[in-house]
Amino acid sequence: NAGVMQNPRHLVRRRGQEARLRCSPMKGHSHVYWYRQLPEEGLKFMVYLQKENIIDESGMPKERFSAEFPKEGPSILRIQQVVRGDSAAYFCASSPPGTGNNEQFFGPGTRLTVL
Amino acid sequence: AQSVTQLGSHVSVSEGALVLLRCNYSSSVPPYLFWYVQYPNQGLQLLLKYTSAATLVKGINGFEAEFKKSETSFHLTKPSAHMSDAAEYFCAVSVNTGNQFYFGTGTSLTVIP
């Protein structure tokens, strides 16, 4: 059973460009979570999605950031008009229905560098 | 609200010595507690978790942690450090009424040969 997959693993963007980060949850998992890890810090929750629904986006910056988890295909975290402060590692986690508070499986992360 | 404090951002131990990484949590409801390990440029790997069963939890790679409600602590220990234990360790908390994990700022473990 493949784990959570994220791509790309490394992404370099110039200021003002768009970044798209993809996450494929583990097989059988319908819940996805995105976290951001700034340098020298722990992971901070951004958003929690189920298929076609955003359940909790309380940690998502109000502007430039959006997330989706379509019926088919991976979950996507989209950052428009990136700035240097967006440079971070972005981790996706997934869980089976009903277990997200005690079991989340993390992907390897996407390391975004904004030049 | 939930939060996690990891005392000591950097810990160094000699190979073969005891590893003790500290984690204190704050939660208004019974928590679930986790320890994750992160190797350089990799994702998070679950070491162990406490979900209201036995208070002494055994995990992978010889690690264990004890939930102490009176001290609001969940410290991670390993009797004998190995060079391969050098990594970043994160403590996290969640609750059964929520879905997000709250992470500490991490402790970087160095093992000295």
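What's counted below: heavy atoms across the whole structure, side chains too, no hydrogens, waters or symmetry copies. Predicted model, so just to flag it, every value in this text is computed and none were measured. Numbers restart at 1 for each chain; the letters A, B, ... are given by sequence-line order, proteins then strands.
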Count the heavy atoms belonging to other residues, nucleotides or ligands that lie under 6.0 Å from NZ of B:Lys58, then report whether that count exceeds 12. no
Is B:Leu33 linked to B:Trp35 within one hydrophobic cluster, defined over Ile, Leu, Val, Met, Phe, Trp and Tyr using a side-chain heavy-atom separation of less than 4.5 Å? yes
Report yes or no: do A:Tyr90 and A:Tyr48 belong to one cluster of Ile/Leu/Val/Met/Phe/Trp/Tyr joined by side chain heavy-atom distances under 4.5 Å? no
Do B:Val29 and B:Tyr50 belong together in a cluster built from hydrophobic side chains that touch within less than 4.5 Å? no
Heavy atoms from other residues, nucleotides or ligands near CD of B:Glu15 exceed 12 (cutoff 6.0 Å): yes
So among A:Tyr33, A:Tyr35, A:Phe45, which one has a side chain to side chain contact (heavy atoms under 4.5 Å, CB included) with B:Phe101? A:Tyr35
So what's closer than 4.5 Å to chain A heavy atoms on B:Tyr36: side chain, backbone, both or neither? side chain
Once you round to the nearest 0.5 Å, how far does CD of A:Glu41 lie from OG of B:Ser9? 12.5 Å
Between A:Ala89, A:Pro108, A:Ser58, A:Gly59, which has the largest tally of heavy atom pairs under 4.5 Å with chain B? A:Pro108
Please report the shortest heavy-atom distance between A:Asp56 and B:Gln100, naming the atom on each side. OD2-NE2, 4.0 Å
Does any backbone or side-chain atom of B:Leu46 lie under 4.5 Å from a heavy atom of chain A? Answer side chain, backbone, both or neither. neither
Give a yes or no on whether A:Arg64 atom CZ has more than 12 heavy-atom contacts from other residues, nucleotides or ligands under 6.0 Å away. yes
Just how far is it from atom CG of B:Leu44 to atom CD of A:Gln104, taken to the nearest 0.5 Å? 11.0 Å
Region of A:Gln6 in contact with chain B, defined by heavy-atom distances below 4.5 Å: neither
Under 4.5 Å from a heavy atom of chain A, the part of B:Gln38 involved: side chain
Do A:Val4 and A:Leu21 sit in the same hydrophobic cluster, where Ile, Leu, Val, Met, Phe, Trp and Tyr count as joined when their side-chain heavy atoms come under 4.5 Å apart? no
